[in-house]
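First comes the structure, then the notes that go with it.
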Amino acid sequence: MLFRFVERKLWYFALSALLIVPGAFFLAIGGLKPGIEFKGGTLLDLRFGSPPTASELHDVFGTLGHPEAVIQGAEGGRMEVRTLTLTSDEIGKADSTLKAKYPTFIGDDASTVSPSFSAELVTNAVRSIVFASVLIVLLIAFAFREFGLSAFRYGIAAIIALLHDALVVLGLFAILGYFLNVEIDSLFVTAVLTIIGFSVHDTIVVFDRIRENLHLNRGEALNPVINYSIMQTLARSVILTLLALYLFGGYSMRTFALALVVGIVSGTYSSIFNASQIISLWQEIEDRFRHRGGHGPAGARATA
Amino acid sequence: MNRAWAWVVVVIALLAVWVDIPKHQFPFPFDCPGICYTLGGKATFIEIKTHLGLDLQGGTQLILQLRPDKLPSGTTTSIDQLNTQARIVIDRRINSLGVSEPVIESLGADKILLQLPGVSDLKEAQDLATRQAFLEIKVPDLDANGQATGTYHSLTPPLTGANLKPTYVEFQGAGSQPVVHFDFGPPDDQRWVQLSKDFLNKPVQITLDGKEISAPRINQIFNSGVGIIEGNFTTQSAKNLSTLLNSGALPVPLDVVQSSRVEPTLGQDSVRRSLVAGAIGLLLVALFMILYYRLPGIIAVLALLFYTALTYAIFRLIPVTLTLAGVAGFILSIGMAVDANVLTFERLKEELRNGKSLRVALDEGRRRAFPSILYSNLATILTALILFNFGTGTVKGFALTLIVGVVVSFFTAVFVTQMLLHGAIEFASLRRRRLWGVEERPTDGRDGRAPASVTA
C-alpha cells in the first residue's frame, strides 16, 4: 500500500493555509498579548482559600493607588493582578492589606519587569529565532552538500516547514490572547524554539531518507522516491509524536505544555505533508520552466 | 578492544549511579554527601547535590542594571571592572546574611543576576543589593591615662571611605613583606594627618557597615593621606584586606530592572507533579519499546537507564541548576535519545527483512541511521546554543539541560546501544530472529528501492 503523499500536495498546502490564515489574522491585529516580561509592569499571582470577586480586588488596588490593575481569575482559587510597575514597598503594602481584609489569603508570587529590560528581551527573542533559522539552513545545506546548489532547497524547505509550525503556534496564542487574554512569556519563546528544533529534527529524518533513496535509485523520478521515503519514516514519526505528546501533555506548566503539544503535532504534519512536497513542487516548477516536461530526481542530476 | 570499551561503560555507569544517590537523604552507608578524602593531612570535601532553581525551591530573583551614567563624570573604571566589583560587594553582603547557594552572575557587561533561595522578602533583597555600603574609620576610646581601652567611637563628622582611593597590595622591606597601600583623597587626607597626630601609637578601627574588618596601629605621623597597613600578612591575607577596603561601597549605583518572588510551596508541588509525570512517561516508553522491538527494545531501555543516570550525574557535578524549564529540556532530550534508538532499530528491521545476517544488519542499520541522528541532533544543539547565548534565567536553564542531554543521548545511542546489541549477538540463544522483531524467514525485501509500479 502506498499513500500518495506527493500527488495531493496542493490539498495539504491548502489544509496548512486553513490552519495558518485565521491565526495570522489575529497575529496581524495584535492578538498576541505580551506578558509583563515583554512589556514591563508587575504581575501578582494571589492565592486564596476562597477568592474574592475580581471587582472587589479591583477596588482594593484602586485604594492602593493602582486603578489600572487588571484582575483575572485563574484555576485553584488564584487571582492574577497586572499593574504598572510596583515598587517593593507597594507590593509589601498590597500583601498586608490583602492579609488584613481576606482571612483566606494564602500568599502570592510577585514579578516585576522594567520596560527597558523587556524591550531587550523582545529583541533577543526575535534575534535568536532569526539566527537559529539561518544556521539551520546552513546545516542542512551542508548535510545535503552532495546535491550541490540544490542542497539549499532542502534547507529552505525545512525552514518553510519550521515557519509553518511557528506560525501555527503563534497564531493559536494570538487567538487565545485575543479572546481569553492568554499572555506569552519567555517560557513561550522556549516552547517555540523547542518546536523549531523538533520540526527540523523530523524534517531532517525524512530528507535523509529521500537522499539515501535517490542514491539507491538513480534515474528514478523524484516523486515516487519521496512517497516511498515518507512511508519508510512514517512509523517512526507517529511513534515519536505520540511519545512527545505524552511526555509533555502531563507537564504542569499549562501554556508551555499547550504550545509544545500543538507545535509537535504541527511539526509532524509539516514534515510528512509539507516539507518534501515543497521539494517536489520546486522540482516541477523548475522542470516546467526549462520546458522539459520530464521529472528526473533533483539530487541525481545535481551530483552528475 | 570491544571488551575494554564495555568495561569503560560499566565504570561510567557505576560512577554515575554513585553520584546520583541522594546521600543527604540516605546518610547510611555513605559517611559524607560528596567526595571526602584526606591527602597528606589535608582533608578535602566536595559536596555533590542537585541544585534546584528558584522556581522549584522558592526565593527571590533580582536583575540589577549598572548605572555608570550616575557616577561623577571623569570616572575611568571600565564597565567590566565595575560589574566585577559590584558582584564582590553583593556577594560579601549575602554571605554575612547566611543565604545558602546564592547566584550572583553578570548578564552581559551591564547587568547582574541575583538569586536568593529562601529569601521571600523582596524589600530586604532589594536593600541588600542596592544600598550603598559604608566604610568608616573609628578612633579608640581613651582612659584617664590616655591609653586605648579597646573600644572605639566615630569622629564628628565620621571619617568614611567616601574619598578613599582604591587600595592595593605592595611588597616592602628586606623580606618583601606584603602590605596594603592606601590613599585618602582630599579633604580626608588632612583629617587623616590630624588623626595620626592625635592617636599616634594607638590602634584605629576600620569598620564596614559597623563591623570591624581590621584594627591597625598608627606607627607614625603622616604628612599626607598616603600610607600603608603592615602586619603579618601573607600575600593572600593582604589581598583580602585590600578587597574588603575597596569593596565596601558599591562602585556604581544599581537599579532593579526585574524582580520576582516565587513561593516555595508552589515549586514543590510542581516538582512532584513533573517527577510523577516523567516517571510514568519513562515507564510507558520502556514498555512500548520492549513490546514493539523485543530484544533491541530491552537493550534500548538499558541504554536509556544508563543515559538517565549519566545525565543526572552530570547535572549534579557541573552543576546544572534544575528549573521547571530545565526539567522540560531534560524530558525533551530523553525523547531524542529514544528517537535515535527508534531510527536505528527501524533500519535494523529493514536490513533483517532484506535477508541480511544479524551482524551485517547491525552494522548496516547503524551506518544508514547515523546521518539522520547526527544532523537532527546537531540542529537541536545549534538551537539550544543560540538559546543559551541570548536567553536569560529560565531559557538558559532549558538550553543547558537540552545541550547536555542531547550530547549524552548521542553518545548513548550510537555507542552504548550498539555495544549492547553486538554483545547480545554473541549469545546463540539471543540470535533468534523472532527476538529481533522480524519473521524467522526473510521475506523478499526491496532494499529501499521504490516499487516500479508507482509512477509520478
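By convention in this document, chain letters (A, B, ...) are assigned in the order of the sequence lines, proteins followed by strands, and residues within each chain are numbered from 1.
Most heavy-atom pairs under 4.5 Å with chain A: of the set B:A379, B:A369, B:A384, B:P371, this distinction falls to B:P371. Of all the listed residues (B:I373, B:T383, B:T60, B:T380), the one sharing the greatest number of non-hydrogen pairs under 4.5 Å with chain A is B:T383.
In this structure, the separation between CG on A:L139 and OH on B:Y375 is 7.0 Å, given to the nearest 0.5 Å. If you take CD1 on A:I204 and CG on B:N377, they are separated by 9.5 Å, rounding to the nearest 0.5 Å. Atom OG of residue B:S376 and atom CG of residue A:D208 lie 8.5 Å apart, to the nearest 0.5 angstrom.
At a 4.5 Å heavy-atom cutoff, the contact between A:D95 and chain B is made by side-chain atoms alone. Looking at A:V205, both its backbone and its side chain come within 4.5 Å of chain B, counting heavy atoms on both sides. Heavy-atom distances place both the backbone and the side chain of A:L135 under 4.5 Å from chain B. Looking at B:F288, only its side chain comes within 4.5 Å of chain A, counting heavy atoms on both sides. Looking at B:L378, both its backbone and its side chain come within 4.5 Å of chain A, counting heavy atoms on both sides.
Taking the charged nitrogens against the carboxylate oxygens, A:E212 and B:R347 do have a contact shorter than 4.0 Å, which makes a salt bridge.
Exactly one of B:I386, B:L385, B:N389 qualifies for a side chain to side chain contact (heavy atoms under 4.5 Å, CB included) with A:F131. That residue is B:I386.
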